[in-house]
Amino acid sequence: ISLSIDSTGQLNEFLRKGSEWKNTIDTMEWFLKHSNYNLFVHSVASIYNFNQLDKLIDLCLEKNIPHKYVMVDGVDWMLPRHLPGAVKQKFKTRLIEQSKLYPNQAIYTKILQEVDTPGDLEKFLYNDKRLNNIRNETWKDANPELFELIEEYYD
């Protein structure tokens, strides 16, 4: 059984519209109790959660559940490369340290490539505003650390 979980708590609820974190955990626990299932967590890393990958990785390690992050594809504007350079650099040291802590998580190689790749902040801001309007919600409370760093770029 593969569970699609992209982050923890409120950020996962934003990324997986309609999900409730308590139900996600309860479902995970149910499958763990019924040991005849092989449980796996599959996750997508994006501009919205790249700075919090370790939280879900730690949860999966704690519960002894195999886990793999992949980079978002097909939705170019959600790539971390589109963040301002100063914001990407702020997280780079942390990402390097996490890559050493989680050597089996290949996503860190891809994320570190992303923070070194030039992007288009306006492309992200335009599409993010559209998404938030369509969904009538925002991610600012789900990832306040990141939002605080890019808030000044929003009109």
Heavy-atom closest contact ([X] atom, [Y] atom, distance):
X: S7; Y: Q52; result: OG-OE1, 4.0 Å
X: V41; Y: M28; result: CG2-CE, 4.3 Å
X: L95; Y: F50; result: CD2-O, 3.7 Å
X: L53; Y: I111; result: CD1-CG1, 4.0 Å
X: T24; Y: S19; result: OG1-CB, 4.4 Å
X: Q10; Y: D141; result: OE1-O, 3.4 Å

- Query: Cluster question for you: counting only ILVMFWY and a side-chain heavy-atom cut-off of under 4.5 Å, with indirect links fine, are V115 and L101 together?
  - Reply: yes

- Query: Same hydrophobic cluster for W139 and Y126, using side-chain heavy-atom links shorter than 4.5 Å among ILVMFWY?
  - Reply: no

Does [X] have more than 12 heavy atoms from other residues, nucleotides or ligands lying within 6.0 Å of its [atom1]?
X: K140; atom1: NZ; answer: no
X: N23; atom1: CG; answer: yes
X: K17; atom1: NZ; answer: yes
X: E29; atom1: CD; answer: yes
X: N136; atom1: CG; answer: no
X: F40; atom1: CZ; answer: yes
X: D26; atom1: CG; answer: yes
X: K55; atom1: NZ; answer: no

- Query: Could you walk me through whether Q98 and F91 pass the side chain to side chain contact (heavy atoms under 4.5 Å, CB included) check?
  - Reply: CA-CA 11 Å; Q98 287 177 7; F91 292 112; over 6 Å; no

Approximate separation, where rounding is to 0.5 Å, of [X] [atom1] and [Y] [atom2]:
X: L3; Y: I65; atom1: CG; atom2: CD1; answer: 7.0 Å
X: E148; Y: L146; atom1: CD; atom2: CG; answer: 10.0 Å
X: S99; Y: I96; atom1: OG; atom2: CD1; answer: 6.5 Å
X: I47; Y: D128; atom1: CD1; atom2: CG; answer: 8.0 Å
X: T109; Y: M71; atom1: OG1; atom2: CE; answer: 10.0 Å
X: D116; Y: L112; atom1: CG; atom2: CG; answer: 7.0 Å

- Just do the side chain to side chain contact (heavy atoms under 4.5 Å, CB included) check on I5 and W21 with the steps written out, would you? CA-CA 10 Å; I5 304 171; W21 185 242; 3.9 Å; yes

Judged by atom type as modelled, is there a donor-acceptor pair below 3.5 Å linking the side chain of [X] to the main-chain atoms of [Y]?
X: Y153; Y: E122; value: no
X: S4; Y: H42; value: no
X: H82; Y: M78; value: no
X: N49; Y: S46; value: yes
X: D6; Y: N12; value: no

- Item | Residue pair L59, I25: steps toward the side chain to side chain contact (heavy atoms under 4.5 Å, CB included) verdict | CA-CA 10 Å; L59 176 68; I25 292 295; 3.9 Å; yes

- Message: Measuring centre to centre across the rings, with the benzene-like ring taken for any Trp, is Y48 within less than 6.0 Å of F124?
- Response: yes

- Message: R94 vs E97, test: salt bridge (Lys or Arg N to Asp or Glu O under 4.0 Å). Steps then yes/no.
- Response: CA-CA 5 Å; R94 183 193 319 174; E97 290 305 313; over 6 Å; no

- Message: Between N51 and K90, is the side chain to side chain contact (heavy atoms under 4.5 Å, CB included) condition met? List the steps.
- Response: CA-CA 10 Å; N51 66 313; K90 178 167 178 52; over 6 Å; no

Just wondering, do [Y] and [X] contact through their side chains at under 4.5 Å, heavy atoms?
X: L56; Y: Y69; answer: yes
X: Y108; Y: D54; answer: yes
X: L39; Y: K63; answer: no

- Is there a salt bridge (Lys or Arg N to Asp or Glu O under 4.0 Å) between E114 and K88 once you walk through the steps? CA-CA 9 Å; E114 280 294 312; K88 293 186 291 187; over 6 Å; no

- Message: My understanding is that only residues two or more places apart in sequence, or in another chain, count here; which of them pass side-chain hydrogen bond (donor to acceptor under 3.5 Å, both in side chains) with Q105?
- Response: H67

- Task: Indicate yes or no: does K22 engage E20 in a salt bridge with an N to O separation below 4.0 Å.
- Result: no

- For the residue pair Y154 and F147, categorise the inter-ring angle as parallel (less than 30°), tilted (30 to 60°) or perpendicular (more than 60°). tilted

